[in-house]
Number of protein chains: 2
Amino acid sequence: MMKAVTISDVAKQAGVSKSTVSQFLNQRYDYMAEKTKKRIEQAIDELGYSPNIVARSLKQKSTMTIGVIVANILHVFSTQVIRAIEDYCNESNFHVIVCNADDEPAKEKRYIDMLRAKQVDGIIVFPTGGNVDLYKDLVKQNYPIVFMDRMVPGISVSSVLLDNEKASDLAVRTFVKKGYTRIGMISPPIVKNITPRTERVDGFKKALKKQQMTFYPEYLASGEIADIQVMMEQLFKQANPPTALLALNDRVLVEILQFVKAQQFNIPHDLALIGIDDVSFAGIYNPELTTIAQPAFEMGKKAAELLLYLIRNKNVQEEARVYRFEPKLIERTSV
Amino acid sequence: MMKAVTISDVAKQAGVSKSTVSQFLNQRYDYMAEKTKKRIEQAIDELGYSPNIVARSLKQKSTMTIGVIVANILHVFSTQVIRAIEDYCNESNFHVIVCNADDEPAKEKRYIDMLRAKQVDGIIVFPTGGNVDLYKDLVKQNYPIVFMDRMVPGISVSSVLLDNEKASDLAVRTFVKKGYTRIGMISPPIVKNITPRTERVDGFKKALKKQQMTFYPEYLASGEIADIQVMMEQLFKQANPPTALLALNDRVLVEILQFVKAQQFNIPHDLALIGIDDVSFAGIYNPELTTIAQPAFEMGKKAAELLLYLIRNKNVQEEARVYRFEPKLIERTSV
DNA sequence: CTGAAAGCGCTTACAG
DNA sequence: CTGAAAGCGCTTACAG
C-alpha cells in the first residue's frame with residue numbers, strides 16, 4: 001500500500017491550513033477567496049487526495065452506513081428488498097452492510113452488537129423475535145431501527161409488512177369464484193414470531209368464513225420444508241382430499257409442485273394451486289401458475305425511507321407505525 | 001440517543017487508566033493483575049460499554065470490512081456468491097458492504113472510490129471491465145482486490161471463474177451422445193469484457209469441433225434479453241432449425257422456455273434443451289430440465305479466502321492467478 | 001504490572 | 001477570508 005495522503009499534505013501543498021482545506025471539502029466556501037479554492041483544488045488533484053471517511057465519521061458521529069439483517073439472503077424476497085434498500089441509500093450516499101441471521105436469535109444479537117459497535121447510523125432487520133430485551137433497549141435508546149416483514153409484539157418499532165390477511169383472502173376468493181370448496185393450505189411451521197405465517201394462516205381461516213365456506217382443519221398442513229412431501233402424502237390419503245391448495249410461500253410452492261409431479265396430478269383439474277410470492281417461473285410453468293405477488297421493491301424502499309428519516313430526525317419522538325403493502329393477484333391458469 | 005459510554009468512562013469507573021482498559025479489551029493481559037481484570041470487567045458490565053470500532057479503525061488503519069461490488073444482486077448467482085462471502089467473512093469477523101454496479105462503469109468507479117474512502121480493507125468485484133485505469137491504479141498501489149466471474153485482460157488481479165469452456169463442452173457432449181446434430185446456442189450480447197459469455201460461446205464452437213460436428217453460425221443467436229423472442233422466431237423460421245439448444249445462462253433459459261411455451265414445442269421431442277445455471281425450478285419443470293450448475297458457494301468462498309489472504313499479507317507480492325471451478329452436469333430429461 | 005502522552009485524520013467553534 | 005487549537009475514542013510505544 002502506498003502511504004495515504006492526508007488533509008495535511010493537501011494543506012501543505014496548497015499553502016493553506018487544514019481548516020481551510022476542510023472547509024473546501026465540505027463546500028463551505030461562503031467567503032473563500034477564488035484563488036484559495038483553485039490552489040486547493042489543484043493540490044487535491046496533484047496528490048490524488050480523497051478524504052478518510054473513517055476519520056470524518058469519528059468526529060461527526062455518523063458513518064453514513066446502515067446495517068440490514070435479513071433472515072436469509074438466498075430468499076428472493078430478501079434479495080429484492082436489499083436491492084431496493086441499496087438503491088435508495090445509494091441516492092442518499094449511504095452504504096449498506098448486509099448480514100444473514102439465519103433466523104437464529106444468537107446470530108442476530110451478535111450482528112446487532114457488531115453493527116452498533118461499528119457505529120452504523122441505523123438498522124433494518126427481519127427480526128427473529130428472539131431478542132426482545134435487545135429490541136427494547138434499542139427503542140429506549142432511541143436508536144434508529146425498522147422492522148421488515150415481521151412485527152414483534154410489544155416492541156414499538158415501525159414495521160413494513162405485506163397485508164398478509166389480504167393475500168390469503170385474495171387466494172380464497174379466487175378459489176371460491178371458480179367453484180372450489182375443498183380448499184387447503186400448506187405452511188412451514190407456524191411459529192408465533194413469524195408474522196407472515198401466522199397472519200396468512202389466520203387470513204386463510206377468516207377468508208373462508210367470509211365466503212361462508214367451512215374451514216377443514218385437516219386441510220391445513222404445516223411443518224418443516226423437508227417434511228412437506230410426507231405431509232402431502234398424508235393429506236391426499238384422506239377420503240376427501242382438498243381440491244385446491246394455497247402455498248404459504250415460494251418454498252412451499254416448490255415442494256407442492258414436487259409432489260404434484262411425483263403423483264402426476266393434472267393442474268388445475270386434479271388440484272388447483274395458488275402460491276404467495278410471484279416466483280420467477282410462474283409464467284413459463286405448465287400450466288402457468290396463479291400467484292400473489294408482494295411488492296418487495298416498494299417495501300424495501302419504504303423501509304429505507306423510514307430509516308433514513310429516523311436517522312435524520314433523531315430528536316423528534318416518532319410514533320412507531322405498521323406500514324401495510326398490498327399483495328397483488330396475478331391470475332394465470334393453475335386455478 | 002443516549003450519550004455513548006467511552007473507554008474513559010470505563011477507566012474512571014474501574015479506577016485505572018485508559019491504556020489498561022485498552023490492554024484488557026485487546027486481551028493483552030500478559031501481566032495484568034487478576035483484580036484489575038475483575039474491576040475492568042465489572043465496570044464494562046455496569047456501564048454497558050462496547051468499544052467504538054470507528055475510533056479503533058482510525059488508529060489501526062483497518063476497518064475489518066470488505067466491499068463486494070456485484071453486477072446485480074438480483075441474479076441468483078450473485079446472491080449465492082454474496083452469501084458464501086458473507087459466511088466466510090463472518091467467521092473471520094469481517095463485515096461486507098454490498099454494492100450494485102448494474103454493469104455501468106461509472107457506477108462501479110463511484111463505488112470503488114467510496115469504498116476506498118471508507119477505508120474498506122479490500123474489494124471483491126464482478127468487474128464491468130470499463131475502468132481499466134482504475135484497476136491498474138489499485139494494482140499498482142497493491143490494494144487488496146479480487147475479481148469474480150470475469151477477468152480483465154491485461155490486469156493482474158486474481159480472478160475466480162467458472163471453467164466456462166468446460167461448461168459448454170459438457171452440454172455439447174450431452175447433445176451429441178443423444179444423437180443431436182443440429183445444435184444451437186442462445187446468448188446475451190457477446191461483449192468482450194464479459195468473460196462468461198465469450199468463453200462459453202468459444203467453448204461451444206470448440207466442443208462441436210472436438211466432436212467432429214459442424215458449427216452452424218446461423219444456429220448461434222445473441223442479443224438483448226428483451227429481443228430473444230424475436231431472435232427465436234427467426235431462428236425457427238429457417239428451413240432446418242436447430243433441434244437442440246444451449247442456453248448461455250438462466251435468464252436466456254427463461255426466454256427460451258417462454259418461446260417454447262408459445263410455440264407449444266414438445267421438449268425434448270421438438271427441441272432438446274440444456275441451460276447453464278441450475279435454476280431453482282429445473283427439477284419440477286415439465287419435463288425436468290438438464291442443467292449445468294456453477295459451484296457458486298465454493299467460488300464465493302474462494303474469493304473471500306483470497307481477499308482475506310491478500311489483506312493479511314500485504315507485504316508479500318503475490319502473483320495474480322486465475323482460479324477455475326468445475327461446472328457440473330445435472331442430467332434430467334430435457335435432452 | 002500500570003499510566004502519561006502522542007497520534008490516527010478529520011471537523012469545528014473561535015479568534016483575528 | 002483564514003488559521004491555531006481542541007477534540008472525536010481509540011491504541012501503542014515507552015517509561016517507571
Side-chain angles (χ1 to χ4, degrees), chain A residues 1-41 43-44 47-65 93 114 116-121, chain B residues 1-41 43-44 47-65 93 114 116-121:
Chain A
M1 291 286 287
M2 277 169 49
K3 224 193 115 282
V5 4
T6 73
I7 198 171
S8 302
D9 302 325
V10 176
K12 203 174 300 168
Q13 174 104 345
V16 299
S17 76
K18 290 194 299 173
S19 324
T20 306
V21 177
S22 178
Q23 312 278 32
F24 176 87
L25 292 173
N26 294 285
Q27 331 220 10
R28 306 185 54 90
Y29 13 63
D30 305 346
Y31 294 93
M32 199 176 297
E34 201 50 48
K35 72 171 184 193
T36 307
K37 275 199 234 179
K38 284 268 170 274
R39 284 227 301 269
I40 296 177
E41 214 159 24
I44 288 177
L47 299 172
Y49 170 72
S50 127
N52 179 326
I53 299 207
V54 171
R56 173 183 294 170
S57 296
L58 176 59
K59 184 67 192 175
Q60 299 198 141
K61 297 171 167 317
S62 149
T63 52
M64 298 297 280
T65 304
N93 270 301
M114 291 280 310
R116 297 207 60 202
K118 276 210 158 151
Q119 314 296 116
V120 300
D121 296 336
Chain B
M1 289 287 285
M2 276 170 52
K3 228 195 107 280
V5 4
T6 75
I7 199 170
S8 301
D9 301 324
V10 176
K12 202 174 302 168
Q13 173 105 345
V16 299
S17 76
K18 291 193 300 173
S19 325
T20 306
V21 177
S22 179
Q23 312 279 31
F24 176 87
L25 292 173
N26 294 287
Q27 331 219 13
R28 308 185 55 90
Y29 13 62
D30 306 345
Y31 293 93
M32 199 177 300
E34 200 52 47
K35 74 172 182 190
T36 308
K37 273 199 234 177
K38 284 272 171 269
R39 284 225 301 267
I40 297 177
E41 215 160 23
I44 289 178
L47 299 172
Y49 170 72
S50 130
N52 179 326
I53 300 205
V54 171
R56 174 184 294 170
S57 296
L58 175 59
K59 183 69 192 177
Q60 299 197 143
K61 295 170 168 317
S62 148
T63 52
M64 298 296 279
T65 304
N93 270 302
M114 289 282 311
R116 297 206 59 204
K118 276 214 158 146
Q119 314 296 116
V120 301
D121 296 337

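Only heavy atoms go into these numbers, but all of them, side chains included; no hydrogens, no water, no symmetry mates. Numbers restart at 1 for each chain; the letters A, B, ... are given by sequence-line order, proteins then strands.
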[N] [atom2] sits how many Å from [X] [atom1], rounded?
X       : N      : atom1 : atom2 : value
B:Lys12 : C:dG3  : NZ    : C1'   : 16 Å
B:Lys61 : D:dT12 : NZ    : C1'   : 14 Å
B:Glu34 : C:dT2  : CD    : P     : 11 Å
A:Leu25 : C:dT11 : CG    : C1'   : 10 Å
B:Asp9  : D:dC10 : CG    : C1'   : 13 Å
A:Ile7  : C:dC8  : CD1   : P     : 14 Å
B:Asn26 : D:dA13 : CG    : P     : 12 Å
B:Gln23 : C:dG3  : CD    : P     : 10 Å

Exercise for review: Could you tell me whether the side chains of A:Lys118 and A:Thr65 share a donor-acceptor contact shorter than 3.5 Å?
Suggested key: no
Practice item. Consider only side-chain N and O atoms of A:Thr20 and A:Ser17, and report whether a donor and an acceptor are under 3.5 Å apart. Key: yes
Ignoring backbone atoms, establish whether [X] has a side-chain N or O less than 4.0 Å from OP1 or OP2 of [N].
X       : N      : value
A:Ser22 : C:dT11 : yes
A:Thr20 : D:dG3  : yes
A:Asn52 : C:dC8  : no
B:Gln60 : D:dT12 : yes

Study note, to complete from the structure: Separation between NZ (B:Lys12) and OG1 (B:Thr6), nearest 0.5 Å, reads 8.0 Å
Classify the nucleic acid contact of [X] as base, sugar-phosphate or nothing, counting any heavy atom under 4.0 Å across all strands shown.
X       : value
A:Lys18 : base
B:Phe24 : nothing
A:Val16 : sugar-phosphate

Can you tell me which nucleotide in [options] comes closest to the side chain of [X]?
X       : options               : value
B:Tyr49 : C:dA5, C:dC10, D:dC10 : D:dC10
A:Lys59 : D:dG7, C:dG3, C:dG9   : D:dG7
B:Thr36 : C:dC10, D:dG9, C:dC1  : C:dC1

Point to revise | Most 5' of B:Ser17 and B:Ala55 on DNA chain C, judged by nearest nucleotide | key: B:Ser17
Practice item. Take B:Leu58 and B:Lys35, find for each the nucleotide of DNA chain C with the closest heavy atom, and name the residue whose nucleotide sits nearer the 5' end. Key: B:Lys35
Check your understanding: Considering the options B:Leu25, B:Asp9, B:Ile40, which one meets the side chain to side chain contact (heavy atoms under 4.5 Å, CB included) requirement together with B:Tyr49?
Key -> B:Leu25
Point to revise | Any side-chain heavy-atom pair of B:Arg39 and B:Val16 under 4.5 Å | key: yes
**Study point:** Watson-Crick or G-U wobble partner of D:dG16, both distances under 3.5 Å
**Key:** C:dC1
Review point. Is the side chain of A:Thr63 donor-acceptor paired with the backbone N or O of A:Gln119 at a distance under 3.5 Å, no angle test?
Key: yes
